There are 4 protein chains.
Amino acid sequence: MAITGRNDTTGRRLRLGMVGGGKDAFIGAVHRIASRIDGEYELVAGALSSTPERARESGTALGLAPERIYDDFKSMAIREARLKNGIEAVAIVTPNHMHYPAAREFLKRGIHVICDKPMTSTLSDARKLAKLADSSDALFVLTHNYTSYPMVRHARALVESGALGKIRLAQVEYVQDWLTEAEEQGDNKQAQWRTDPERSGAGGCVGDIGTHAFNLASFVSGLTVERLSADVTSFVAGRQVDDNTQVMLRFDGGAKGMLWASQVAPGNENTLRLRIYGEKGGLDWSQEDPNYLWFTPFGQEKRLITRGGAGSGEAAGRVSRVPPGHPEGYLEGFANIYTEAARAIRAHAAGEPVPQEVIFPTAQDGLLGVSFIDACVRSSARDSAWVKMG
Amino acid sequence: MAITGRNDTTGRRLRLGMVGGGKDAFIGAVHRIASRIDGEYELVAGALSSTPERARESGTALGLAPERIYDDFKSMAIREARLKNGIEAVAIVTPNHMHYPAAREFLKRGIHVICDKPMTSTLSDARKLAKLADSSDALFVLTHNYTSYPMVRHARALVESGALGKIRLAQVEYVQDWLTEAEEQGDNKQAQWRTDPERSGAGGCVGDIGTHAFNLASFVSGLTVERLSADVTSFVAGRQVDDNTQVMLRFDGGAKGMLWASQVAPGNENTLRLRIYGEKGGLDWSQEDPNYLWFTPFGQEKRLITRGGAGSGEAAGRVSRVPPGHPEGYLEGFANIYTEAARAIRAHAAGEPVPQEVIFPTAQDGLLGVSFIDACVRSSARDSAWVKMG
Amino acid sequence: MAITGRNDTTGRRLRLGMVGGGKDAFIGAVHRIASRIDGEYELVAGALSSTPERARESGTALGLAPERIYDDFKSMAIREARLKNGIEAVAIVTPNHMHYPAAREFLKRGIHVICDKPMTSTLSDARKLAKLADSSDALFVLTHNYTSYPMVRHARALVESGALGKIRLAQVEYVQDWLTEAEEQGDNKQAQWRTDPERSGAGGCVGDIGTHAFNLASFVSGLTVERLSADVTSFVAGRQVDDNTQVMLRFDGGAKGMLWASQVAPGNENTLRLRIYGEKGGLDWSQEDPNYLWFTPFGQEKRLITRGGAGSGEAAGRVSRVPPGHPEGYLEGFANIYTEAARAIRAHAAGEPVPQEVIFPTAQDGLLGVSFIDACVRSSARDSAWVKMG
Amino acid sequence: MAITGRNDTTGRRLRLGMVGGGKDAFIGAVHRIASRIDGEYELVAGALSSTPERARESGTALGLAPERIYDDFKSMAIREARLKNGIEAVAIVTPNHMHYPAAREFLKRGIHVICDKPMTSTLSDARKLAKLADSSDALFVLTHNYTSYPMVRHARALVESGALGKIRLAQVEYVQDWLTEAEEQGDNKQAQWRTDPERSGAGGCVGDIGTHAFNLASFVSGLTVERLSADVTSFVAGRQVDDNTQVMLRFDGGAKGMLWASQVAPGNENTLRLRIYGEKGGLDWSQEDPNYLWFTPFGQEKRLITRGGAGSGEAAGRVSRVPPGHPEGYLEGFANIYTEAARAIRAHAAGEPVPQEVIFPTAQDGLLGVSFIDACVRSSARDSAWVKMG
């Protein structure tokens with residue numbers, strides 16, 4: 001029962017700032033916990049709300065020094081870039097439409113960006129940001145956190161190893177129920193911005209969670225979606241964006257798939273499930289039970305591989321902290337993104353290339369995700385015609 | 001822990017014949033066991049193979065009287081119709097293309113037909129058979145056996161009761177792995193006829209199991225598919241029919257759905273799963289764990305309803321035999337079709353209408369199933385265009 | 001997807017009688033269905049109740065010929081033994097205290113006995129019956145039905161094969177909730193006799209279900225309990241027998257175990273679970289999900305073996321009827337006892353030995369079961385002292 | 001989908017030291033992560049190994065200031081107590097036999113102690129430590145971390161609320177497989193000290209994990225074990241302590257229970273499961289799936305309560321961080337102990353009483369745990385006689 005995984009023998013913590021994530025936010029707190037778990041970061045600055053007063057309150061509550069609580073991200077980027085001990089990285093956890101404007105200010109000043117998904121609210125912004133990230137010396141890390149669960153890493157490694165043979169099918173679904181009723185018409189701020197196309201983008205459910213499913217299927221299968229046919233629906237009266245999206249997928253090389261994203265399916269809290277089938281075997285993984293991976297080599301018994309247990313290799317082990325049977329969860333998966341980013345940032349600071357085993361979603365993944373949203377909306381508008389991605 | 005369900009105090013057994021189901025057949029033995037479980041039938045005649053010698057061998061092995069072992073179904077229909085104690089019902093368990101010719105001979109002689117699915121191998125045959133069944137005095141029962149699992153009956157009752165509110169979504173999948181490789185190129189007779197369009201029809205996987213999924217979703221939701229968009233695929237080299245089918249569904253009243261049928265998904269033996277979501281709640285049922293039904297009223301805890309347990313009502317109880325915790329399975333579900341048919345046949349013999357609570361799939365359901373296959377193939381040929389059913 | 005298992009090509013059915021099992025009985029109907037499933041028996045005679053009027057009503061309802069409906073088992077035994085086509089076997093499904101008197105009448109007249117468990121209500125009766133069965137030419141079959149589930153057979157085969165190494169631990173539990181309240185004080189006849197020491201014996205819960213657990217653990221592990229320490233409890237006020245029993249077990253060869261039987265554990269319908277651990281591996285099987293067996297060779301991934309699937313061998317296959325993924329249940333497991341008995345009876349009739357692969361619980365198993373009840377009660381009376389079995 | 005639970009708006013971090021937990025340790029890293037998750041502590045000093053060189057190496061690797069890396073805990077206690085900004089709390093994560101000597105040095109200097117379990121290696125030490133903790137102004141917190149899982153808190157709240165009625169049964173098991181072979185004869189340091197009675201105490205498995213099970217059952221049921229009967233076994237040749245322990249329990253008020261702890265059960269990684277049954281309902285919780293709690297009110301459907309979901313109340317909510325469906329795991333449960341301790345420490349520093357809702361295991365719980373080990377060993381030595389606790 002050796003400790004697999006994360007070495008917590010850290011030295012100096014990286015200085016982290018945050019844009020968004022003040023009171024009433026959900027994902028900001030997640031990013032903060034994730035940044036702390038492996039002891040790689042210290043939050044030292046923030047522009048935590050678009051409302052200055054709330055930004056100040058939130059910063060104070062988080063124990064930030066008063067001079068590093070900012071009213072807006074631009075002044076934060078400018079000042080922190082000049083400080084001797086200014087932030088080395090910034091977490092952007094605003095509603096989607098602000099990702100690009102905020103990321104731009106930091107990237108162009110050489111501050112690494114850890115940004116929530118989807119990358120932007122428009123395809124145009126996504127293209128600009130991808131281009132900027134490409135040309136910037138600073139790193140851009142997108143928090144498609146589900147790709148950092150250890151057993152997802154192992155699933156990908158199994159596919160890469162050829163254990164499944166040529167991949168034929170990728171079936172993925174991400175299902176919730178919290179928008180079954182018109183939650184946004186009450187005072188739920190999370191529901192409000194996520195169903196507001198101005199802030200969220202053209203995709204509602206497909207953008208919020210469909211992109212996670214899309215990214216996960218691509219990450220594990222190693223395949224690229226070439227065309228898709230989508231049916232984008234809004235079931236709840238008055239809702240401005242989709243709350244249920246069905247997609248048929250065609251990958252390069254002939255593999256096919258289906259993707260279902262819904263936020264109106266009662267009994268589902270956060271059901272993200274991926275199944276991959278090849279000529280020689282199949283995989284099945286569920287986010288709500290993340291420490292397990294079903295693997296069936298065709299013609300053999302089903303095997304339940306556990307995080308850190310027999311058959312769970314190095315790809316999982318290096319993003320694990322505790323032995324098998326001691327469940328790691330959502331926050332540890334999220335922390336893995338932060339720690340991978342820290343490794344990349346430290347390598348960058350040392351003038352070294354990012355180590356090969358370090359994996360995190362990039363701006364190119366983000367562009368693909370926004371292209372996916374766009375393609376779903378386009379296909380659905382054309383009566384579910386097959387449309388090309390990108 | 002009272003015995004819910006089936007009363008086994010039967011009197012005289014109904015005289016049953018069988019067409020097909022000889023040596024090397026799978027489903028014939030299932031029908032025979034199903035016919036025996038509740039003691040409602042006695043198998044007394046058979047034309048058990050299209051090969052006379054095999055028909056004779058199989059009949060002898062089953063203990064049929066020599067004079068009631070037939071070389072072909074037509075002579076069986078003719079002679080049994082004339083016998084004083086001839087068969088009252090016949091089970092047709094041949095490959096699909098023989099369903100119609102066989103059923104016709106019996107129906108037109110007033111012998112009740114219990115027929116395997118899909119109803120026919122062509123839409124044209126299906127239409128003729130549906131018309132014939134409509135006009136015949138004899139009953140036609142299609143063995144979409146999955147609709148007779150007690151918890152499927154309860155699921156339907158819950159939907160009917162309004163417990164889920166207006167239905168928005170029906171997600172259904174039927175997944176196997178036994179055709180992952182080119183099984184039909186060996187000596188597997190089951191694989192051979194099921195992948196031979198002459199005997200199976202235009203649909204392979206979509207006909208063999210997709211129709212079950214389609215029928216189940218319709219049965220429980222109470223909804224009618226109006227249009228569908230399908231992607232029909234054959235992954236295995238040399239295979240003449242599809243082995244994987246993806247479908248997007250649009251129901252009357254605005255509900256939507258997805259259907260996935262596959263026989264090339266390693267790790268899946270017979271994974272038939274149905275999920276139904278409405279404005280007020282959700283249901284989840286899986287064939288491989290058939291004694292359970294998940295039911296979540298929106299905003300409440302998930303409830304695991306067990307066959308015969310609390311919350312499992314009369315619709316399930318009348319097709320159950322043993323108390324909760326004593327699992328009933330596939331054969332009992334199949335037997336329920338036979339017993340429902342027996343009730344209808346006995347009512348018919350007594351000149352009474354079929355009791356209202358008796359439920360079985362009819363020729364109209366069979367026609368819908370074959371229409372579904374046809375629509376999937378048509379849509380796929382038109383690049384997954386939305387096509388109308390029927 | 002070949003049909004593993006049961007050959008349904010039966011010839012002549014064995015003539016079966018039944019003692020007990022009339023109206024309001026539970027297990028009688030189970031025996032009748034079990035006897036029908038594989039087509040090996042025809043019920044032709046019965047003394048179905050200790051009340052003549054009820055016996056007659058029940059027999060009529062079951063369609064027995066009037067002259068073969070008996071008022072009592074003794075006259076049935078006498079007359080059937082004399083008939084040219086008298087019964088060849090009798091099912092005894094009365095309350096426990098009548099098992100011995102009834103079995104005696106049939107055994108001594110050469111009629112095979114299929115008897116429900118526990119074998120008798122007293123240890124003295126059990127010894128007499130075991131002796132009688134030993135000396136009788138007729139067969140005695142005890143319906144410890146759980147040993148006939150295919151995956152239980154496979155579990156036993158795995159242990160026998162040495163796949164688990166030397167066995168260290170057998171943990172077994174059989175848990176229900178139907179006696180959580182004083183059900184016997186209402187009109188539940190099942191609860192009444194099962195909690196009446198005159199009819200049930202000294203053990204309540206430990207006799208009714210504890211013996212199943214004990215038998216199952218012995219059957220799969222291949223080990224013999226040498227000593228046990230028990231704590232026998234009656235939680236419900238006014239209850240005359242135990243409704244919860246805890247036992248620590250010591251097997252020959254040094255293995256240990258725990259057994260828990262309860263009928264007062266809300267949320268448990270019929271939770272019979274067995275876990276066996278050896279030096280090289282572990283097994284886990286649950287009756288409510290009977291088509292699966294977990295097997296973990298130490299140091300390897302957990303494997304989920306499915307009935308009829310990869311890794312499920314001949315011992316399971318010969319008591320299976322349908323392919324993997326088509327769940328078999330309680331009634332099929334019970335039917336396996338009947339069909340094994342039929343094989344033995346047919347061999348007996350042909351003057352041949354019972355085939356080696358045919359397995360059924362015998363009077364010796366029954367004696368062990370009643371000894372187990374007795375030992376639990378004795379130990380508990382001596383403040384849970386370790387007592388010897390037998 | 002509001003964020004239930006932990007407010008991460010921390011101010012100043014508490015200064016934490018650590019004794020033990022250097023290289024090759026398992027639980028030290030767990031404590032460090034747990035202390036970081038909610039941002040309540042900063043590790044600033046350590047005596048991380050009994051070997052000075054290793055202590056120094058480990059401290060450096062963790063980024064401690066050189067002057068706060070100590071060769072032994074005593075000099076650390078003395079110096080830190082004198083420092084102006086010395087540690088406010090110390091985590092003791094050594095092998096068991098050092099818990100008492102280390103805790104004593106800190107407690108008597110007013111430094112709060114967070115100590116791993118079991119509290120001590122001898123009953124004598126446990127009594128002394130409990131007495132010392134009682135009389136000390138400093139707090140003593142024992143890391144029975146499993147009691148801090150949100151759904152365990154909810155389970156306890158349900159019992160307290162009377163939802164289960166009077167408790168009759170507590171069944172608990174903690175099962176692993178990592179000591180199936182003689183791991184301690186290799187170079188596994190974890191196995192070595194845990195099977196060495198000098199360092200571990202008289203209990204091996206029963207001390208290491210049995211105490212967790214005992215503590216959990218007591219915590220949730222609210223009951224006190226009065227007497228127990230145990231069978232303590234060592235299966236692996238040459239092993240000096242037990243690797244499997246079976247216990248029957250009698251609680252105050254008449255409830256009964258069984259406890260099984262094993263480290264030789266292949267296929268079990270860290271299977272801690274608790275079931276509680278009362279006159280009105282039952283509970284079932286498993287550590288490897290910790291975000292779920294099964295609750296069955298007698299006579300109603302089984303309900304699956306999810307962390308943060310419907311029916312999961314304030315007791316769970318205040319120790320949760322993310323919405324339902326986003327699994328929290330072992331580290332979050334462990335962090336809850338640290339955060340509860342932080343609340344107590346901050347209240348203490350403010351001269352206020354520990355808030356009523358703050359829950360953590362105390363030295364009294366620790367004494368009970370060591371008494372449990374002692375009672376198991378005593379009972380087993382007396383042929384499993386019932387012995388009194390304490």
Side-chain angles (χ1 to χ4, degrees), chain B residues 1-3 5-13 23-26 28-30 32-33 36-39 43 58 60-63 176-179 183 188-191 268-272 287-292 306-309 321-335, chain C residues 1-3 5-13 23-26 28-30 32-33 36-39 43 58 60-63 175-179 183 188 190-191 268-272 287-292 306-309 321-335:
Chain B
M1 206 167 64
I3 307 171
R6 182 72 59 247
N7 187 337
D8 70 344
T9 58
T10 62
R12 186 180 71 74
R13 292 192 181 152
K23 286 168 63 177
D24 293 325
F26 152 55
V30 167
R32 289 191 292 270
I33 298 173
R36 283 197 299 262
I37 283 181
D38 291 324
L43 182 70
S58 300
T60 304
L62 284 167
Q176 301 178 331
D177 65 6
W178 71 293
L179 293 177
E183 194 73 12
N188 184 329
K189 289 194 171 20
Q190 291 299 315
N268 291 280
E269 294 178 334
N270 202 41
T271 312
L272 171 60
Q287 191 272 150
E288 292 184 326
D289 217 9
N291 295 280
Y292 299 94
T306 59
R307 186 189 49 74
R321 291 158 192 82
V322 279
H326 300 69
E328 295 196 18
Y330 175 82
L331 291 166
E332 285 78 19
F334 217 109
Chain C
M1 208 168 65
I3 307 171
R6 182 71 59 249
N7 187 338
D8 70 343
T9 58
T10 62
R12 187 182 70 75
R13 292 193 181 150
K23 287 168 62 178
D24 293 325
F26 153 55
V30 167
R32 288 191 292 269
I33 299 173
R36 283 197 300 261
I37 282 181
D38 292 324
L43 183 70
S58 300
T60 304
L62 283 167
V175 195
Q176 301 178 331
D177 66 5
W178 70 293
L179 294 177
E183 194 74 11
N188 184 329
Q190 291 299 315
N268 292 279
E269 292 177 334
N270 201 41
T271 312
L272 172 60
Q287 190 274 149
E288 292 184 325
D289 217 8
N291 295 279
Y292 300 94
T306 58
R307 187 189 48 73
R321 291 159 192 81
V322 280
H326 300 70
E328 296 196 18
Y330 174 83
L331 291 166
E332 285 78 19
F334 217 109

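Every value quoted in this text rests on a predicted model; they were computed, and no experiment measured them. Labels below follow one simple rule: chain letters A, B, ... track the order of the sequence lines, proteins then strands, and each chain is numbered from 1.
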Discussion item. Between B:Gln287 and C:Gly325 (side chain of the first, backbone of the second, donor and acceptor by atom type, cut-off under 3.5 Å), is there such a pair?
Written reply: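 A pair under 3.5 Å: yes.
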
Fill in: Partner residues of B:Pro290 under the side chain to side chain contact (heavy atoms under 4.5 Å, CB included) criterion, sequence neighbours left out
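Listed in chain order: B:Tyr149, B:Trp285, C:Pro327.
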
Worksheet item: With sequence neighbours excluded, what pairs up with B:Asp177 under the side chain to side chain contact (heavy atoms under 4.5 Å, CB included) test?
Response: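 By the side chain to side chain contact (heavy atoms under 4.5 Å, CB included) rule, B:Asp177 matches A:Phe298, B:Thr180.
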
Worksheet item: Considering only heavy atoms from C-beta outward, does the side chain of B:Glu332 approach that of C:Glu332 to under 4.5 Å?
Response: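 Yes, their side chains come closer than 4.5 Å.
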
Item to complete: Go through the steps to decide whether C:Ile37 and B:Arg36 satisfy the test side-chain contact (heavy atoms from CB on, under 4.5 Å), and finish with yes or no.
Response: CA-CA 6 Å; C:Ile37 282 181; B:Arg36 283 197 299 262; 5.7 Å; no

Practice prompt. Can you tell which part of C:Phe334 gets under 4.5 Å to a heavy atom of chain B, answering side chain, backbone, both or neither?
Written response: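 Contact with chain B: none, neither part.
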
Worksheet item: Between C:Glu269 and B:Gly309, which heavy-atom pair has the shortest distance, and what is it?
Response: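 C:Glu269 and B:Gly309 have their closest heavy atoms at OE2-CA, 4.0 Å.
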
Discussion item. As an exercise, state the distance from CZ of C:Arg321 to CZ of B:Phe26, rounded to the nearest 0.5 Å.
Written reply: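 Between C:Arg321 CZ and B:Phe26 CZ, I get 13.5 Å after rounding to 0.5 Å.
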
Discussion item. Distance check, rounded to the nearest 0.5 Å: C:Asp289 atom CG versus B:Glu288 atom CD?
Written reply: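 The CG atom of C:Asp289 sits 10.0 Å away from the CD atom of B:Glu288.
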
